[in-house]
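Worksheet: one structure, shown below.
The chain is numbered in sequence order, starting from 1. Atom set for the values below is all heavy atoms of this structure, side chains included, hydrogens, waters and symmetry mates excluded.
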Amino acid sequence: IFITGQCDVATTVRAMKRGATEFLTKPLPEDAVLRAIEFALDRSRSLQKSALRMKQLRDRYGWLTKREREVMNLVVNGLMNKRIADELGISTITVKSHRGRVMRKMQARSLPELVIIAALLQSSRGHTHWPVEPAPRLFADEAVVQDLCSWHLRCGDKSQCAVAPT
């Protein structure tokens with residue numbers, strides 16, 4: 001929270017770039033600082049929850065074997081089990097087995113939820129250290145990732161979603 005007696009654009013920009021959540025100029029209304037502190041604390045809690053959720057998703061992804069990652073990649077890109085089997089040179093039954101383990105390890109209760117998880121993982125690729133290399137690139141089209149992530153953030157009912165806030 002940045003409090004100043006003088007307000008100019010350059011100072012405001014510098015404060016915001018350095019992480020200020022609020023920029024207040026004197027004289028202040030009586031409760032302005034308290035409201036700013038409450039806002040900053042709420043924002044911090046929200047960011048911490050989001051970071052924890054992303055760490056949990058990355059950890060789950062790290063539990064997948066190389067083959068499970070390959071299957072996940074093909075599943076979230078819309079390939080059917082038979083096509084995945086053909087691409088990987090394995091049986092359909094083996095694909096179903098890998099797919100089931102992916103769903104369990106990623107704690108996804110449905111295919112759409114797995115797709116959202118994959119999009120969230122891909123969208124965070126450049127933002128954090130990955131426990132496994134390389135970081136997943138599950139979708140070829142980055143616009144798909146942004147659409148899925150923004151849809152997930154706007155979605156009203158996240159009560160059944162493994163990636164939703166608890």
Side-chain angles (χ1 to χ4, degrees), residues 1-4 9-25 28 31-79 98-166:
I1 300 168
F2 191 85
I3 302 172
T4 184
V9 175
T11 304
T12 304
V13 169
R14 270 196 315 277
M16 292 303 184
K17 282 184 175 181
R18 291 181 180 166
T21 57
E22 190 69 59
F23 190 91
L24 304 172
T25 55
L28 300 171
D31 62 341
V33 174
L34 185 56
R35 282 193 322 251
I37 291 170
E38 288 172 351
F39 174 76
L41 288 172
D42 287 345
R43 184 167 181 237
S44 177
R45 283 186 208 105
S46 177
L47 291 172
Q48 286 176 346
K49 280 184 181 180
S50 293
L52 176 61
R53 284 192 307 275
M54 286 310 301
K55 182 188 179 315
Q56 290 169 338
L57 291 178
R58 286 190 304 276
D59 288 348
R60 290 179 206 159
Y61 185 80
W63 298 337
L64 299 179
T65 65
K66 182 178 185 240
R67 180 62 85 181
E68 289 166 346
R69 290 181 196 149
E70 292 171 334
V71 169
M72 180 177 170
N73 180 22
L74 297 171
V75 166
V76 300
N77 278 286
L79 273 68
H98 287 307
R99 187 175 175 156
R101 283 195 300 275
V102 167
M103 296 295 284
R104 275 191 302 283
K105 288 180 180 180
M106 296 306 295
Q107 298 179 13
R109 290 179 284 264
S110 66
L111 179 56
E113 189 172 344
L114 184 65
V115 171
I116 290 169
I117 289 169
L120 290 169
L121 285 169
Q122 184 168 330
S123 72
S124 72
R125 284 175 56 210
H127 304 291
T128 55
H129 172 72
W130 276 86
V132 292
E133 293 299 331
R137 180 159 177 83
L138 303 170
F139 299 97
D141 185 355
E142 207 59 42
V144 170
V145 174
Q146 296 309 314
D147 288 347
L148 284 168
C149 291
S150 62
W151 172 83
H152 174 70
L153 294 172
R154 287 190 317 266
C155 179
D157 180 19
K158 296 187 184 88
S159 61
Q160 298 300 310
C161 183
V163 296
T166 53

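Legend: residues meeting side chain to side chain donor-acceptor pair (under 3.5 Å) with Ser50, ordered by chain and number and at least two apart, are Arg53. With sequence neighbours left out, the side chain to side chain donor-acceptor pair (under 3.5 Å) criterion links Arg35 to Asp31. Scanning for side chain to side chain donor-acceptor pair (under 3.5 Å) contacts around Arg67 gives Glu70, with sequence neighbours left out.
When Gln48, Gln56, Met54 are each tested for a side-chain contact (heavy atoms from CB on, under 4.5 Å) with Leu52, only one passes: Gln56. Just one of Met103, Arg69, Glu68 meets the side-chain contact (heavy atoms from CB on, under 4.5 Å) condition when paired with His98; it is Glu68.
Contact between Ala32 and Leu24 at its shortest, heavy atoms only, is O-CD1, 4.2 Å. Nearest heavy-atom pair, Leu64 versus Val102, reported as atom, atom and distance to 0.1 Å: CD2-CA, 4.0 Å. Taking every heavy atom of both residues into account, Arg58 and Ala51 meet most closely at NH2-O, 4.5 Å.
The distance from atom CD of Glu22 to atom CE of Met16, rounded to the nearest 0.5 Å, is 6.5 Å. A distance of 12.0 Å separates CG in Leu28 from CG in Leu34, rounded to the nearest 0.5 Å. With rounding to the nearest 0.5 Å, the separation of OG1 in Thr11 from CZ in Phe23 is 6.0 Å. Between the CE atom in Met106 and the CG atom in Leu121 there is a gap of 5.0 Å [rounded to 0.5 Å]. The line from OH of Tyr61 to CD1 of Ile117 is 12.5 Å long, rounded to the nearest 0.5 Å. Between atom CD of residue Gln107 and atom CG of residue Leu57 there is a gap of 9.0 Å, rounded to the nearest 0.5 Å.
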Begin with the C-alpha distance, continue with both residues' side-chain angles, and end with the deciding distance and a verdict on side-chain contact (heavy atoms from CB on, under 4.5 Å) for Leu111 and Arg99.
-> CA-CA 10 Å; Leu111 179 56; Arg99 187 175 175 156; 3.8 Å; yes
